[in-house]
Amino acid sequence: MKKHFFFLPILIFMLNINFSVQAQNTDNPFSREWKTPFQTPPFNEIKKEHYLPAFEEGINLQNTEFAVIINNQDKTTFENTITAIEKSGQLLTKVTKVFSSLNGTDNDDEMQMIAEKSTSMLSKHIDDFYLNEKLFQRIKTIYDEKEKLNLTTEQSRVLENYYLDFVRGGANLDDKGKEKLRKINEELSHLILRFGDNVRKENNKFELIVESEDDLAGLPDASIQAAKEKAEAKGFAGKWLFTIDKPTLIPFLQFSEKRDLRERMYRTYMNRGNNNDELDNKKIFSRIVVLRVEKANLLGFNTYSDFVLQKKMAKTPDNVYSFLTDIWKPTVKKSISEAEEMQKIIDTEEGDFNLQPWDWWYYAEKVKKEKYALDEEMLRPYFKIENVIEGVFAVSSKLWGLQFVLRDDIQVYNPEVKVFEVKEADGKHIGILYTDYFPRAGKTNGAWCGDFRGQSNIDGKYITPLVTNVGNFSKPTSDVPALISLDEVRTLFHEFGHALHVLFQNVTYPSAGSVPSDFVELPSQIMENWAMKPEVLKMYAKHYKTGEPIPDELIRKIDNSKYFNQGFETLEYIAASLLDMDWHVITETTEKDVAQFEKELIKKMGLIPQIWPRYLTTNFIHIATWGYESGYYSYLWSAVLDSDAFESFMENGLFDKSTADSFRENILSKGGSEEPMELYVKFKGRKPTVDALLAKRGLN
Ligand SMILES: [Zn+2]
């Protein structure tokens, strides 16, 4: 998924406002108080050589702060334990946030080296924290008497999170249990690394070398040119080289007229890690599953899915299954009709074959041209990036009265970065937004939202946030400004939604800003809805040369195409989500035959033969390596929430003030300070239903 929300949930607790141990090294800008406007990072002074010493000093300082907490002889209280932890680690938080942000935007060998060293320092530091028995005993003492303490909702949740994180790390186990958990974790970490490594090697291994121009039939010039350059670089001058990374694979599947080559590319892609060779992931994955069951059981859970979902909005496997099933049935129906439409084209062209998974993209492209006549290149002139930014600012201004003031006096980490001060309608300062929208050497792919400082309000000291929005959008050239694609417009609105979530946050404790992964995409995905509404497009989509607003004809085409291929996209996603869930509700601790398990499951779910799950087990890196196990459903869960929530704006008015205020108050300002479902119900008046999502995707 290209739209990521980068934040550091584990480290968020380390923000400090009023720290008791003073930093010593005044040569290092991280050790000094920042006297810049709004205490923004002094990027002109920060040099690469400052990072590692600051990490080291930050860790030492926080350890000293932890020691003070543990050695406090007074009665254990929320204040002298939880609040004290929340206040600790100011220097470490500062350097971690600045470094991880710049590591994503301006990477080079030196940054890479610092990243490796600091990651291992930090992971040891975090392990030490969760293994600190004295700290846990204090937290447990408070947790056990929490009913008597008159805590606020936010305090209860902060306390519960600490307690659960320790317990989930094994703090309540006896010595034998702890030893067993340590062994499981160790074996898991090796297997997970090997799994990811095998997928990476598989991605790089396959090369389709095309020798004859005939085999390039249908491919766009850009793909052909890229393949030619790749071939040259590998010593195959005069030929064309295609690989199975997604930016190469998808255009190939969409446009290549060579059905046999499409099949080869697609099968190779889907079979990564499943070739019975040294890169095979079947045994590795089945062992991972067994270890996860053992871990869950040891920690008192029936299945690994129960363990994971304890800290998510969805809460239980049943809840996940029931929402996936609700969407599954209408989606199958829609997918069948999409497949029939494509089969008709095949038959008209006298193709004499049945549509197969590797044909889908190719014929979907034909349907798109025939039915919707949407040429994305015709839209670009209306999406000059400056106009789109004006658009998202205007939407937030109409919804919440926000003002955005360009600030040239705030230091930036790269000359391409722009800085805006965000203010309330009455001029009150809310926070700072850094935008960094174009690709450059050293920047990670994709788009994300991050921050240099989160919001908090301990001891009445209100700390305002410093947020970043980063992208890799189409760049300006010497004679044409940056004209971005429809998809990039959506992404810009999406990341801006994450930024609003950070900017509007109004909690006391820094760690209360941490939001479960199945809730975090609600504020971002909901913003995408405004981007494509005709009256909003009229506001910002203006021709970059003439200033003319986008014609109704083009708006109609955008609107018509919104149901395009939605059956397929939803179905391949749910199939992968069900695969993920089924692997993690297993209760037996015997290793499964991966191929057999997968085959039975696909049969059981009733997937149509023209569509395969988006990932198959042996290359499903999200659930093996990236921490999305029993969590791949999250994106669709958030999509249900954003569609259901946006429906209120459709009913009450796109810019209805009381709906906007309620959304800000109940969702955007609360961070993770309350149970997400309760927050949602406060806004909507009921739990979410899938109806709005089905309608939005044309699945009803
Ligand atoms: Zn996102």
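What's counted below: heavy atoms across the whole structure, side chains too, no hydrogens, waters or symmetry copies. Small disclaimer: the values here were computed from a predicted structure and weren't measured. All ligand and atom numbering here is 1-based and tracks the order in the structure.
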Contact flag E495/the Zn ion (ligand 1), N/O/S atoms, threshold under 2.8 Å: no

Whether C449 has an N, O or S atom under 2.8 Å from the Zn ion (ligand 1): no

Ring centroid separation F493 to Y540 under 6.0 Å: yes

Note: R157-E675 ion pair, threshold 4.0 Å (strictly below): yes

Salt bridge E647-K696, side-chain N to carboxylate O under 4.0 Å: no

Residue pair K384, E390: steps toward the salt bridge (charged side-chain N to carboxylate O under 4.0 Å, His left out) verdict: CA-CA 10 Å; K384 186 170 89 167; E390 282 300 312; over 6 Å; no

At the Zn ion (ligand 1): angle between E521 atom OE1 and H498 atom NE2, to 10 degrees: 100°

